[in-house]
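Because the structure is predicted, anything quoted here is derived from the model rather than measured.
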Amino acid sequence: MVSAPERAERAPGPDMDQGPGGRRPRRRGRAIAVLAVLALGGVGVAVTWPRAEPSIVSDKVNPPSPVDPNAAASPCTAEDLDVGLAADRLAVTPGEPVRFTVSVRNEGEVQCLVDAPRRNLAVTVYQGEVGEATAKRVWSSADCADAEEERLLLLGPGDVDVTETSWSDARSVPGCEPGQPRLSAGEYTAQVTLADVEGATSDVVRLTYTVPEPSGSPSPSASGSALPSGSPSPSASEPGEAGTEPGEDAGSERDSSEADASEGDSSEGDASKRDAGPSEKSAQS
C-alpha cells in the first residue's frame, strides 16, 4: 500500500513529463524557445528601427560666429557682386545713340567697398562675340573717361548702384584719339567689366548694327548703266563735233539754202531758152 505522501510525490506535475524512461523535466525546452523568440525579435527591431538624428551637441558647443553687417568694410570680391548690363534697344542705326544701364549689387552678407569710376566700371563693345579670337574691340566708355575721377562706393548687403552711359555708334581707342574709321554693318556685343575686381563681369548684350542705303541713288538705264540726272542724251550732238565750231551751224544752213535757190533759177532760165528757140526760127522763115 502506498501512502498519500508517496502518491503526491509520484504524481506528475505540470513541469514533469512521464515517459517510458522515467520522469523528464520540460522547463529547459520552454526556456530555449523563449530565448529563440527574443533573438528573432531583436534582429527585427535592429533592422526596422529608424536611424538616430545626428547629434547637435557640437553645434551648441561651437556655434558659428554672428555676422556683423556694420563691421569694417573690405574690398568687394567677384562672389560678393552681381554686375548687370541692359540696353534701351538692340537695333542700332547711325545717328541714334544706344543708352546702357549699368548696375552693381552687393550680394554678400556684409558691406564692402567698390572703386567704380567710369575708367574702371566700363562698358565695352566688340564687333563679333565677346571672348572669341575674331572679336574686335570697337568702343569703350573708359577710353574718353576722366582720368582724375574718384568714385568709391560703400555697398551694404543688398545695396545697388546704377549708372548710365551712351554709345553713339562711333569707334574709340584708349586715349580718346579722334578720327577713327566708321563702323560697318553687322553683329556686335557689349559687356561690363570692373577693372579692380577680377571676374566681376556682366552678361553679354547682343546688338545688330545696320546702315541704311543712301536716298536718291541713280536708277539704271535700259542697258543696265546708270546715267546722272541732267546729262544730255547720247543722240544729242556736242558742240564742235565733226570739225565745226560753235556759231557756224546757222551760217552754213543759210549758205546751203541760197545755193539751192540759185541753182533753181538757172535751171528755169535754161528751160525757157530751150522752149523759145523753135518759135523764133519759124518767125524768121
Side-chain angles (χ1 to χ4, degrees), residues 75-107 112-153 155 159-220 224 226:
C76 297
T77 63
E79 291 75 15
D80 297 330
L81 301 177
D82 179 21
V83 182
L85 176 65
D88 62 344
R89 55 195 176 87
L90 303 180
V92 186
T93 55
E96 297 182 6
V98 180
R99 184 175 298 277
F100 292 112
T101 301
V102 181
S103 62
V104 179
R105 178 189 295 272
N106 182 7
E107 297 287 343
C112 60
L113 294 172
V114 180
D115 189 15
R118 293 187 182 274
R119 65 180 180 275
N120 287 354
L121 186 63
V123 181
T124 307
V125 178
Y126 299 86
Q127 185 176 13
E129 187 67 21
V130 174
E132 294 185 356
T134 56
K136 298 179 181 179
R137 180 186 183 276
V138 298
W139 179 84
S140 177
S141 60
D143 291 340
C144 300
D146 184 6
E148 303 298 329
E149 180 186 10
E150 296 182 0
R151 190 167 180 266
L152 186 63
L153 305 177
L155 299 178
D159 289 349
V160 184
D161 175 73
V162 179
T163 57
E164 291 185 349
T165 185
S166 297
W167 175 46
S168 60
D169 77 298
R171 290 180 183 267
S172 68
V173 292
C176 200
E177 182 179 354
Q180 300 301 317
R182 294 182 178 273
L183 297 181
S184 59
E187 300 298 324
Y188 292 77
T189 53
Q191 190 179 42
V192 176
T193 56
L194 193 56
D196 291 343
V197 183
E198 183 178 0
T201 60
S202 70
D203 293 336
V204 176
V205 174
R206 292 172 174 81
L207 308 169
T208 301
Y209 182 71
T210 57
V211 179
E213 296 181 357
S215 59
S217 58
S219 58

(message) With rounding to the nearest 0.5 angstrom, report the CG to OG1 distance, L81 to T201.
(response) 11.0 Å
Donor-acceptor contacts, no H, no angles, side chain residues 86-94, under 3.5 Å, sequence neighbours left out:
from, atom 1, to, atom 2, distance (Å)
D88, OD1, R99, N, 3.1
R89, NH1, A91, O, 2.6
R89, NH2, E96, O, 2.1
R89, NH2, P97, O, 3.0
T93, OG1, E96, OE1, 3.3

(request) Would you mind reporting whether R171 and K136 have side-chain heavy atoms less than 4.5 Å apart? (result) no
(request) Return the minimal non-hydrogen interatomic distance between A122 and S141, and the atom names on each side. (result) CA-OG, 3.4 Å
(request) Measure the spacing between CZ of R118 and CG of D146 and express it to the nearest 0.5 Å. (result) 10.5 Å
(request) Using atom types as modelled and distance alone, determine if a side-chain donor or acceptor of S202 lies under 3.5 Å from a backbone N or O of V192. (result) yes
(request) Using the disulfide bond (SG atoms under 2.5 Å apart) rule, collect all pairs that involve residues 112-150, keeping only residues at least two apart or in two chains. (result) C76-C112, C144-C176
(message) Treating D80 as the side-chain partner and T77 as the backbone partner, does any N or O pair qualify as donor plus acceptor under 3.5 Å?
(response) yes
(request) Mind checking the CZ-OG1 spacing from F100 to T165? Nearest 0.5 Å is all I need. (result) 8.0 Å
(request) Identify the two heavy atoms, one from A200 and one from A78, that lie closest to each other, and give their separation to 0.1 Å. (result) N-CB, 4.0 Å
(request) Given side-chain contact (heavy atoms from CB on, under 4.5 Å), test E129 with R206 step by step and report yes or no. (result) CA-CA 8 Å; E129 187 67 21; R206 292 172 174 81; 2.6 Å; yes
(message) Could you check whether any side-chain heavy atom of L183 comes within less than 4.5 Å of a side-chain heavy atom of V138, counting everything from C-beta outward?
(response) yes
(request) Before giving the answer on side-chain contact (heavy atoms from CB on, under 4.5 Å), spell out for D143 and Q180 the whole-Å C-alpha distance, their side-chain angles and the decisive distance to 0.1 Å. (result) CA-CA 13 Å; D143 291 340; Q180 300 301 317; over 6 Å; no
(request) With side-chain contact (heavy atoms from CB on, under 4.5 Å) as the test, would you mind laying out the steps for V123 and W167 before giving the verdict? (result) CA-CA 9 Å; V123 181; W167 175 46; over 6 Å; no
(message) With a 4.5 Å cut-off on side-chain heavy atoms, are E132 and T189 touching?
(response) no
(request) State, to 0.1 Å, how close S172 and S140 come at their nearest heavy-atom pair, and which atoms those are. (result) OG-N, 3.2 Å
(message) Just so I know, are the side chains of R151 and D115 near enough to count as touching, which here means a heavy-atom distance under 4.5 Å?
(response) no
(message) One pair to check against side-chain contact (heavy atoms from CB on, under 4.5 Å): V114 and D161. What are the steps and the verdict?
(response) CA-CA 10 Å; V114 180; D161 175 73; over 6 Å; no
(request) Look at the aromatic rings of Y209 and Y188 and report parallel, tilted or perpendicular, splitting at 30° and 60°. (result) perpendicular
(message) I need the E148 CD to R119 CZ distance, nearest 0.5 Å.
(response) 7.5 Å
(request) Check A116 against L153 and note the closest heavy-atom contact, atom names and distance. (result) CB-CD1, 3.9 Å
(message) What's the separation between atom OH in Y126 and atom CZ in R137, rounded to the nearest 0.5 Å?
(response) 7.0 Å
(request) Measure the spacing between OG1 of T124 and CG of L85 and express it to the nearest 0.5 Å. (result) 10.0 Å
